[in-house]
Amino acid sequence: MIRHIEFTNLCNFRDIGGYATEDGRTVRWQRLYRADSLGWLDGDDLTTFRALRVRSVIDLRHAYEVEKAGRVPESEGQHYQNLPIEGRRWQTDAFSEELGVARYLADRYLEIAEDGVRNLRTALETIARADNAPVVIHCAAGKDRTGVLTALVLSLAGVSESDIVADYALTGLATERFVADWTRRHPGAPLWPGFGLAPAEAMRHFLTDLTARHGSIERYVRQELQLSSATIAELRAHLLTDQAQEG
């Protein structure tokens, strides 16, 4: 199976299937995708996207971002949800080299985990239902907000922390293009040092800190997001293969 799906205007669209779980199962392919902004879909890209037969799109951006940059083109039978999970605006002018990019990003992800409780729960409930699949979750770059939600899904599924971190860090393959595209659209504007970066340590710090605060990722999901045991079981049954299967 192919993890990275090639588009002309998107540069961070990928399948999160294939990861092994602690109980010997595997995350199914073609059930859940993560992506950068689907507002860029057009022409041949739209044809490629529709060939995936996506049933549900979870857009984690703010409403003003959707209005400015556009949403996924409407498709008959496709369920679209705009579920912003970022509460506090990022103060990138507060970033310092001493703090480091990874620590700065991890702190922002913790804020998302605190501020986005209601919509994170709704997103997980959507992902858990088999009849909503395939699902695409996305934000602007498919890195930060999408990274937090993807990490929660993979953790609930039983994927190891090292694989969750590695999946997050794959966004680094798109960093050069993110920077080039942003620079072209904002000629002469300053760019903060962490733009487009996805250092593995950022996700590692986030998972460590969230666990320290709540005891475990699953406990955070159960107690803070109030996701039911039935929904967690449904998510696992839907996204994971049987132990005897491979993909």
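The basis for the numbers below is simple: all heavy atoms, side chains too, and nothing from hydrogens, waters or symmetry mates.
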Point to revise | pair Asp163-Val27: side-chain heavy atoms closer than 4.5 Å | key: no
Check your understanding: Do His186 side-chain atoms and Trp182 backbone N/O form a donor-acceptor pair below 3.5 Å?
Key -> yes
Point to revise | Those residues that, when tested against Ser229, pass side-chain hydrogen bond (donor to acceptor under 3.5 Å, both in side chains) (two or more places apart) | key: Arg222
**Study point:** Neighbour count >12 (heavy atoms, 6.0 Å) for atom CG, Leu191
**Key:** yes
Review point. Hey, does the Lys NZ or Arg CZ of Arg3 hover above the aromatic six-ring of Tyr19, less than 6.0 Å from the centre and inside 45° of the axis?
Key: yes
Practice item. List for me each residue that meets salt bridge (Lys or Arg N to Asp or Glu O under 4.0 Å) alongside Asp107, sequence neighbours excluded, and say none if there are none. Key: Arg103
Point to revise | Sidechain-backbone polar pair: Asn12 side chain, Ala174 backbone, donor-acceptor under 3.5 Å | key: no
Check your understanding: Is the distance between the ring centroids of Tyr104 and Trp192 under 6.0 Å?
Key -> yes
Check your understanding: Would you say the side chain of Leu207 lies within less than 4.5 Å of the side chain of Ser155, judging by non-hydrogen atoms?
Key -> no
Review point. Looking only at heavy atoms, what is the nearest atom pair of Thr171 and Ala198, with distance?
Key: CB-CB, 3.9 Å
Exercise for review: Supply the atom-to-atom distance Leu235 CG to Leu240 CG, rounded to the nearest 0.5 angstrom.
Suggested key: 7.5 Å
Exercise for review: Would you check if His79 and Arg55 make a side-chain contact, meaning some heavy-atom pair closer than 4.5 Å?
Suggested key: no
Point to revise | Electrostatic pair Glu201-Arg204, nearest N-O below 4.0 angstrom | key: yes
Practice item. Work out which heavy atom in Cys139 is nearest to a heavy atom in Gly142; give both atom names and the distance. Key: SG-N, 3.4 Å
**Study point:** Leu83 side chain reached by Asp59 side chain, heavy atoms, under 4.5 Å
**Key:** no
Check your understanding: Considering only heavy atoms from C-beta outward, does the side chain of Gln30 approach that of Met1 to under 4.5 Å?
Key -> yes
Exercise for review: State which residues pass ring pair (Phe, Tyr, Trp, His ring centres under 6.0 Å) with Phe178; sequence neighbours excluded, sorted by chain then number.
Suggested key: none
Practice item. First locate atom CG of Leu46, then atom CG of Leu38, and finally report the distance between them rounded to the nearest 0.5 Å. Key: 10.0 Å
Practice item. Go through the structure and list residues passing side chain to side chain contact (heavy atoms under 4.5 Å, CB included) with Asp181, not counting sequence neighbours. Key: Arg177, Arg184, Arg185
Exercise for review: Check whether any side-chain heavy atom of Arg28 lies under 4.5 Å from a side-chain heavy atom of Leu239, and answer yes or no.
Suggested key: no
Exercise for review: Could you list the residues that satisfy ring pair (Phe, Tyr, Trp, His ring centres under 6.0 Å) with His62, not counting sequence neighbours?
Suggested key: Tyr64
Review point. Given the rule that I, L, V, M, F, W and Y join up when any side-chain heavy atoms are under 4.5 Å apart, are Leu32 and Leu170 in one cluster?
Key: yes
Practice item. Calculate, to the nearest 0.5 Å, the distance between atoms CZ and CG belonging to Arg31 and Asp15 respectively. Key: 10.5 Å
Practice item. Mind telling me whether Trp90 and Tyr109 have parallel, tilted or perpendicular rings, with 30° and 60° as the class edges? Key: tilted
Check your understanding: Can you list the residues that meet the ring pair (Phe, Tyr, Trp, His ring centres under 6.0 Å) rule with His4, with sequence neighbours excluded?
Key -> none
Review point. Out of curiosity, does Ile164 fall in the hydrophobic cluster containing Leu60 (side-chain heavy atoms, cut-off under 4.5 Å, transitive links)?
Key: yes
**Study point:** Test: Arg213 and Glu224 ion pair at under 4.0 Å
**Key:** no
Review point. Of all residues at least two apart in sequence or in a different chain, which pass the ring pair (Phe, Tyr, Trp, His ring centres under 6.0 Å) check with Tyr80?
Key: none
Practice item. For residues Gln226 and Gln223, report the shortest heavy-atom separation together with the two atoms involved. Key: NE2-O, 2.6 Å
Practice item. Could you go through the side-chain contact (heavy atoms from CB on, under 4.5 Å) check for Asp167 and Val159 one step at a time? Key: CA-CA 11 Å; Asp167 180 78; Val159 174; over 6 Å; no
Exercise for review: Kindly compute the distance separating CG (Leu210) from CD1 (Ile217), expressed to the nearest 0.5 Å.
Suggested key: 4.0 Å
Point to revise | Glu114/Arg88 salt bridge by N-O under 4.0 Å criterion | key: yes
Check your understanding: Going through the checks in order, is the side-chain contact (heavy atoms from CB on, under 4.5 Å) test met by Ile58 and Asn119?
Key -> CA-CA 10 Å; Ile58 298 173; Asn119 283 345; over 6 Å; no
Check your understanding: Checking Asp36 side chain against Leu10 main chain: does a donor-acceptor pair fall under 3.5 Å?
Key -> no
Revision key, fill the gap. Those residues at least two apart in sequence (or on a different chain) that pass salt bridge (Lys or Arg N to Asp or Glu O under 4.0 Å) with Arg236 are Glu218
Check your understanding: Between Arg61 and Ala140, is there a donor-acceptor pair closer than 3.5 Å when you use the side chain of the first and the backbone of the second?
Key -> no
**Study point:** ILVMFWY cluster, Met203 and Leu173 together (side-chain gap under 4.5 Å)
**Key:** yes
Exercise for review: Mind listing the closest non-hydrogen atom pair of Trp29 and Gly17 along with its distance?
Suggested key: CH2-O, 3.4 Å
Revision key, fill the gap. Ser228 meets the side-chain hydrogen bond (donor to acceptor under 3.5 Å, both in side chains) criterion, sequence neighbours left out, with Thr231
Exercise for review: Determine yes or no for a side-chain-to-main-chain donor-acceptor pair under 3.5 angstrom, with Thr150 supplying the side chain and Thr146 the backbone.
Suggested key: yes
Exercise for review: For Arg145 and Ile85, indicate whether the former's side chain and the latter's backbone hold a donor-acceptor pair under 3.5 Å.
Suggested key: no
Review point. Got Thr92 and Phe195 here, is their nearest side-chain heavy-atom distance under 4.5 Å?
Key: no
Study note, to complete from the structure: Value for NE2 (His214) from CG (Asp209), rounded to nearest 0.5 Å, stands at 10.5 Å
Check your understanding: Can you check whether Asn9 reaches Leu41 side chain to side chain, under 4.5 Å on heavy atoms?
Key -> no
Check your understanding: Where do Phe13 and Thr48 land on the side-chain contact (heavy atoms from CB on, under 4.5 Å) test, with the steps shown first?
Key -> CA-CA 11 Å; Phe13 194 111; Thr48 300; over 6 Å; no
Check your understanding: Is there a donor-acceptor pair under 3.5 Å between the side chain of Thr175 and the backbone N or O of Gly172?
Key -> yes
**Study point:** Single-linkage hydrophobic cluster Leu149~Val66, side-chain heavy atoms < 4.5 angstrom
**Key:** no
Check your understanding: Residues in side chain to side chain contact (heavy atoms under 4.5 Å, CB included) with Gln78, at least two apart?
Key -> Phe49, Val54, Val57, Val72, Ser75
Study note, to complete from the structure: Minimal heavy-atom distance between Ala128 and Glu234, with the atoms involved, is O-CG, 3.4 Å
Throw together a table of side-chain donor-acceptor distances under 3.5 angstrom for residues 129-136, partners on residues two or more places apart or in other chains.
unit_1 : atom_1 : unit_2 : atom_2 : d
Arg129 : NH1    : Glu125 : O      : 3.4
Asn132 : ND2    : Thr126 : O      : 2.9

Review point. Do Tyr168 and Leu105 pass the side-chain contact (heavy atoms from CB on, under 4.5 Å) test, and can you show the C-alpha distance, the side-chain angles, and the key distance before you say yes or no?
Key: CA-CA 12 Å; Tyr168 165 82; Leu105 291 174; 3.8 Å; yes
Review point. Do Ile5 and Ile16 share a hydrophobic cluster, counting only Ile, Leu, Val, Met, Phe, Trp and Tyr and linking them when any side-chain heavy atoms are less than 4.5 Å apart?
Key: no
Review point. Of all residues at least two apart in sequence or in a different chain, which pass the side chain to side chain contact (heavy atoms under 4.5 Å, CB included) check with Glu97?
Key: Phe95, Pro193
Review point. Is there a donor-acceptor contact under 3.5 Å from the side chain of Lys143 to the main chain of Leu197?
Key: yes
